[in-house]
Amino acid sequence: MKADPHPWARDLSQLYAEVWARLTRGVHDRHAPARHPTLATVTPEGRPQARTVVLRAADKAAGALDIHTDLRSAKVGDLRITPFAAVHVWDASAHLQLRLEANVTLLTGPEVTAIWASAPAASRLSYGSTPAPGQRIAQALDYKKVADPASFVVLRLTVTTIEALHLGLNHRRARFDRGDDWAGTWLAP
Ligand SMILES: Cc1cc2nc3c(=O)[nH]c(=O)nc-3n(C[C@H](O)[C@H](O)[C@H](O)COP(=O)(O)O)c2cc1C
């Protein structure tokens with residue numbers, strides 16, 4: 001019989017550790033699936049919106065993730081009204097889907113000076129373009145990329161639940177809640 005390639009999926013605490021290992025890999029490895037999660041927010045009209053982002057930090061002990069964006073972007077407008085987000089990752093090599101719910105805090109100005117200073121120059125150009133992101137322009141390239149620390153915001157996601165679905169010979173689905181100290185429970189897939 002072939003060895004189980006994902007033995008961690010059989011045990012709740014090992015599965016939880018694997019989830020954070022894969023999220024953390026996303027921060028450090030540009031080829032890791034968790035590098036580019038989908039971030040979903042709720043618009044002021046109460047509709048869902050989803051977009052790809054880069055995972056910039058993952059802190060297992062705090063249960064927190066960071067995403068960087070432009071303060072004037074639509075997602076920030078969404079989060080000012082509804083400060084909750086969902087995050088989705090499909091890690092194909094691990095046969096693992098992650099679905100996270102989080103409370104989101106917007107960090108700006110002096111709170112993010114150190115993070116801004118450590119961001120590569122090319123990344124900084126993503127924050128501060130003129131006109132603001134999402135504005136209509138006459139031609140496709142009628143915009144300038146300007147690195148502006150005043151437009152830089154860190155979305156700090158305090159994760160409240162993590163759901164993991166592992167597709168193996170047997171499918172396994174688990175939910176981990178901050179409220180019960182991430183002990184986790186199995187769910188019918
Ligand atoms: C691979 C990839 C990575 C992206 N990373 C980010 C990111 O880290 N931050 C960000 O604000 N937008 C990022 N974007 C752009 C967003 O998907 C989105 O188009 C943009 O932020 C505007 O979204 P909004 O109008 O919903 O605010 C990325 C897009 C792609 C395709």
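Just so you know, ligand 1 is whichever comes first in the structure, and atom 1 is the first atom listed for that ligand. What's counted below: heavy atoms across the whole structure, side chains too, no hydrogens, waters or symmetry copies. The shown structure was predicted, so the numbers you read here are calculated from the model rather than taken from an experiment.
For atom 21 (O) of ligand 1, the choice among His36, Gln49, Lys75 with the nearest heavy atom turns out to be Lys75. Counting heavy atoms only, Thr52 comes closest to atom 13 (C) of ligand 1 of the residues Asp70, Leu39, Thr52, Thr43. The heavy atom nearest to atom 5 (N) of ligand 1, out of those in Val53, Val76, Thr38, is found in Val53.
Note on Arg51 versus Asp78: salt bridge recorded, some NZ/NE/NH1/NH2 to OD/OE distance being below 4.0 Å.
Counting heavy atoms of neighbouring residues, nucleotides and ligands inside a 6.0 Å radius, atom CD1 of Ile137 exceeds 12 of them.
When all heavy atoms are compared, the tightest approach of Val27 to Arg56 is CG1-O, 3.2 Å. Closest approach of Tyr143 and Lys145 over heavy atoms only: CE1-CG, 4.0 Å.
Among all protein heavy atoms, the one lying closest to atom 9 (N) of ligand 1 is His68 O, 2.9 Å. Given atom 8 (O) of ligand 1, the protein heavy atom at minimum distance is Val54 N, 3.0 Å. For atom 25 (O) of ligand 1, the nearest protein heavy atom (residue, atom name, distance) is Ala74 CB, 3.5 Å. Protein heavy atom nearest atom 11 (O) of ligand 1, with residue, atom name and distance: Thr69 OG1, 2.5 Å. Considering only non-hydrogen protein atoms, atom 19 (O) of ligand 1 sits nearest to Arg51 CB, 4.8 Å.
The distance from atom CZ of Arg173 to atom CG of Leu15, rounded to the nearest 0.5 Å, is 13.0 Å.
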One pair to check against side chain to side chain contact (heavy atoms under 4.5 Å, CB included): Thr69 and Leu155. What are the steps and the verdict? CA-CA 7 Å; Thr69 194; Leu155 309 180; 3.9 Å; yes
How far apart are the C-alpha atoms of Asp180 and Thr185, what are their side-chain angles, what is the distance that settles it, and do they pass the side chain to side chain contact (heavy atoms under 4.5 Å, CB included) test? CA-CA 10 Å; Asp180 71 355; Thr185 180; 5.8 Å; no
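At a distance under 4.0 Å, a protein heavy atom can be found next to atom 23 (O) of ligand 1.
With ligand atoms numbered from 1 in the order given, ligand 1 contributes 27 (O) to contacts under 4.0 Å with heavy atoms of Ser73.
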